[in-house]
Each structure stands twice: as C-alpha cells, then as structure tokens.
J.: 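Below is a structure I'd like to ask you about.
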Amino acid sequence: MRSTEITPEKDGEQVKVAGWVHEVRDLGGLVFIVLRDREGFLQITLPKKVIERETFNRARKISRESVIKVEGVVKKEEKAPNGFEIIPKTIEVLNESLAPLPLEVTEKVPADLDTRLDNRFIDLRRPKINAIFRIKSQVVRSIREFLYEEGFIEVQTPKIVSTATEGGTELFPISYFEKEAFLNQSPQLYKQIMMSAGFEKVFEIGPIFRAEEHNTTRHLNEATSIDIEMSFTDHEGVMKILERLIARVYADVLEKCGKFLQILELNLEVPKIPFPRISYSSALEIVRRSREIPWGEDLDLQALKILGAEIGGLYFITDWPTKIKPFYVMTFEDERISKSFDLMHGYIELASGAQREHRYERLVENIKAKGLHPESFEFYLKAFRYGMPPHAGWGLGLERLLMAMLNLGNIREAMLFPRDRTRISP
RNA sequence: GCCCGGGUGGUGUAGUCCGGCCCAACAUGUGGGCCUGUCGAGCCCACGCCCCGGGUUCAAAUCCCGGCCCGGGCGCCA
C-alpha cells in the first residue's frame, strides 16, 4: 500500500508498506521511523513493550534512506501525524543505505544546485524537487491530450540531421560514419514537410540541441520542445491554439496537482484568454521610454525586462521585423514585417511561431536573402514544389513553461538531468 | 566570447579584507550513550575539512603567480 491509501479509519487493519527511511527518532523506550514513499510520509511507531525485542533493536539502527518493507497494523492515534501510525509486526530491510548521505533529503541543510545535480537520484527524493517532475508529467500529458482532442497527429522527426543550420543557433557536430552530421536544433523543417505530406495538423514533443556557450539560469543545451504545425491557417490561428493550450495546462495542473502545488507553496491561477497582444513596434515604444533601440533590432534582455515589468504575466509580442526572423516566416504586404509572434512570460520567451512562407519562389528568395544556400535545403524545398498548403506553427519550450509556471529560479530545476555549458553527467 | 564572484569536514556556512590569538568555528551529519509521544525531538561524549602546484615570509586557510573546477551577469540563443 501507498502512504496516501491509509487513513485513521483503517484502524486495526493489517497493511504492507514499503519505502525509504526518511528519519529515525529514537526516544529510548519508543522509536519512530518516518517512512517515505512515492506519495508521502507514514509513521511507523515501535513501543518497546509491544515490539519483539530483536525487531526493535534492529529497527532503531536502520540507516537513513535504507529501503524497507513493513508489515503491521494501522492504529488510529491523535498524537501521530495524519491521525494514525503503523505498529509493525515485521520490518524487512530490502536495501541498506550507506552513510553519510551526499546531501540531506530532510532539507535541514541546503545544498548547492551543483551538488544536488551531481547526486540527482537522491535530490529527487526530496518532496519539493519530486513535485516539480510530477507536475511536469501532468503538463506533458495535458498538452498531448489537448492536441489529440484538437485533431493533431503526433509525429517523430529525426534528431540526427545533415543539413546546414536554418539560422540562429549553433549545432553540435557528431560523428556519423563517413558523413558529417549534427544534432537537430528544432523539428522545424520536418514538421513543415509533414504539411506537404497532408497530415494537416501535427505535433511533436522531443529534445532539441543548441550548441550555444551561454551560461544563464534560463538556457539549456538540451531542452524539450513542443512543436505544432497546422495547415490552412495563419499565425492568428496557431496563437489561439497556443493560448488555449497554456490555459488548459494551468487548469489541469491546478485540478490534478494540488498536492504538489501545496508542497511547492504555489498559488497558481489559470490565465485568462485571450492573452494580451502587443506588436513589436508598440513594444519598442514602451522600451524607448527608458532605452533607445532602433526599429528592426532584436529586443535584448534589458528591453524584455522593461516590457515584462510593464505588462507582466503571459502576453504575445507580434509582428516582428522580418530581418530578425528565420527565412521560413511569411511577411505581411509590407515585407519588413513578418506574421510572427513570441509568447512571453514576464521577460522570458516561452514560445515562438509564425505563419510560414509556403510559396516556393518566395522561400528560395528568403533563404538567399539570409545568406544561406538553397542547395543545402533541397530535401526541404522539394516538399514545396508539389503542392504545399499555407500553414503556420510554433515551438514551445517545455522547461521554460515549467519554469514560468512554477516560478523556478533556474531552468536546470525543470530538467531531470540538465545539460549545460559544463555538465554532461549524470 | 567578455566581465564579475567563488572553491574550508558527507552537506551548508563563518574565518581571508588587515598573515600569528586557527593543530580552524557553527549547524547538520556519522559513531556511541541517556530518554515512552517524537513530528527541525532533546541532552552528553566522540569523529570528520582549508581544490592542486609553485612563490613570499620567522610564520600562509589568509598575500602573490600558474592551473583545475564551479556559480552568476552580459552577449548569443528558445
């Protein structure tokens, strides 16, 4: 049985429980073992007079974090946490833990993030850390459910690619027999090809790799991207999907992860849709009250912080200058402006999307205009020559979303085993 | 890539500025002991640490040089 399945009403019932020894409090004639399992804590109480001597003496010496199995009787008890305790008949040590521990699971002494990540298996035993990933699981589940309900088809695209970069980020080169290859920075080009293939609505949840030497609390070199692509719609259409998706995720987490939110001491609110939309040009006006940025330049961190403070919460920045967006975005009639958007949370960018350029000739021009070579994109361009519908899509950073939602101070907290500038293990 | 900050028991900190009073302190931990209502249990005893290599000096955790490692900010990027 799990800890949460037992209540004071089960008084007198025989139960089997298993888990980790969180703490042992030895009072001499009375020993308490705090047992921790996946769902919470249980108190095993051993009064010296009642327990068999051998069991009693062995139990008080069990090292913290050892894995034990307990068979015993539930006893309703006002003085016990949650109103009950278990009086054991037998205690079996399934696996003994070494001491001292690499870090304190009881959180009496804090540990640096670096120490925690080096010992992640034990760090994750801490309820607060565990809660993050229980919520992450629900987030992914909600996203999947929502997109399936909306008629999307889940796809898997390659993570090993040969193409030159689509622009922007650096790629990790890898050794691939006699060929040059890279880890994919995003499923962008492949999900667009799926539009030509006639899937109409696709999504993918998978890893992306960025070989940037950044060293900040909001960047990872391996992250999880949630990507959608949708035919016969425009940027407005996919923005609506995105805000509904975000609201759904918040609502589900609120409904199904109350316990974990409580552990994290978070008060989550479901964001109201539609999210505020502000054009790049209007955003620039706000920023210019305190800082000069010429039209057409990207908004740097300082600018985004000004905006985040001004607007707050979740909002879209739309109509970005074409020159700072990738070749695949579609422009308005005024070609300086693109049908693109970023979803922001404060100053953190969560997602970015656009209507795509589906017209072959225009696309080739765009590639050339970015100083790239159309020949390197032949596998991609081919899909545009034989019937490509108009389409739009976006990519959403899962860890960024989690960071924003749970107010995490460091994106590494949102990844089980983060990969950053210096860390590739564990 | 640029710029800051840091490395002291298993863990987290103090001490470094201004060298000696530091064979290094505190908490947690670990080992042992006492204790029948703990829930950050309490009390007593013990154990355990100055990143590496040079240098300066009568004397280095402390100052200087080099190295390794880590954190953060900016840039870039999602």
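Below, chain A is the first sequence line, B the second, and so on; all start at residue 1.
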J.: Counting only side-chain N and O atoms of A/T115, is one of them less than 4.0 Å from OP1 or OP2 of B/G12?
T.: yes
J.: Does B/G71 have OP1 or OP2 sitting under 4.0 Å from an N or O in the side chain of A/T217?
T.: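 False: A/T217 side-chain N/O out of range (4.0 Å or more) of B/G71 OP1/OP2.
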J.: Using the C1' atom as the point on both nucleotides, what is the distance between B/C47 and B/A60, in whole Å?
T.: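 B/A60 and B/C47 have their C1' atoms separated by 27 Å.
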J.: May I ask you to decide if the ring planes of A/F327 and A/Y380 are parallel, tilted or perpendicular, using 30° and 60° as cut-offs?
T.: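 Judged by the thresholds at 30° and 60°, the geometry between A/F327 and A/Y380 is perpendicular.
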J.: Look through every strand shown and name the nucleotide pairing with B/G29 as Watson-Crick or G-U wobble, where both distances are under 3.5 Å.
T.: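 Check on B/G29: paired to B/C47, both distances under 3.5 Å.
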J.: Any carboxylate oxygen within less than 4.0 angstrom of a Lys/Arg side-chain nitrogen, looking at A/E65 and A/R125?
T.: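 Result for this pair is yes, salt bridge flagged.
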J.: Is the phosphate of B/G31, meaning OP1 or OP2, less than 4.0 Å from a side-chain N or O of A/R60?
T.: no
J.: Please confirm whether any donor atom in the side chain of A/E78 sits under 3.5 Å from an acceptor in the base of B/G37, or the reverse.
T.: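 Not at all, since no donor on one side and acceptor on the other fall under 3.5 Å apart.
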J.: If you take atom types as modelled and just measure distance, does the side chain of A/E104 reach the base of B/G10 with a donor-acceptor pair under 3.5 Å?
T.: yes
J.: At under 4.0 Å, does any side-chain N or O of A/K108 touch on OP1 or OP2 of B/G29?
T.: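 Yes, A/K108 has a side-chain N/O under 4.0 Å of OP1/OP2 on B/G29.
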J.: Under 4.0 Å from OP1 or OP2 of B/G73: is there any side-chain N or O of A/K305 that close?
T.: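 The answer is no; no side-chain N or O of A/K305 sits under 4.0 Å from OP1 or OP2.
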J.: Look at A/D252 together with A/R248 and state whether they make a salt bridge at an N to O cut-off of under 4.0 Å.
T.: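 Salt bridge: yes.
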J.: Taking the C1' atom of each, how far is B/A14 from B/G7, in whole Å?
T.: 15 Å
J.: Please determine whether any donor N or O and acceptor N or O are separated by less than 3.5 Å between the side chain of A/H219 and the base of B/C77.
T.: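 For A/H219, whose side chain was compared with the base of B/C77, there is a donor-acceptor pair (under 3.5 Å).
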J.: Can a side chain N or O of A/K61 be found less than 4.0 Å away from OP1 or OP2 on B/U30?
T.: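 So the side chain of A/K61 is outside the cut-off, no N or O lying under 4.0 Å from OP1 or OP2 of B/U30.
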J.: Quick one: is B/G72 close enough that its OP1 or OP2 comes under 4.0 Å of any side-chain N or O from A/R412?
T.: yes
J.: Would you call A/R421-A/E213 a salt bridge at under 4.0 Å N-O?
T.: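 Salt bridge present between A/R421 and A/E213.
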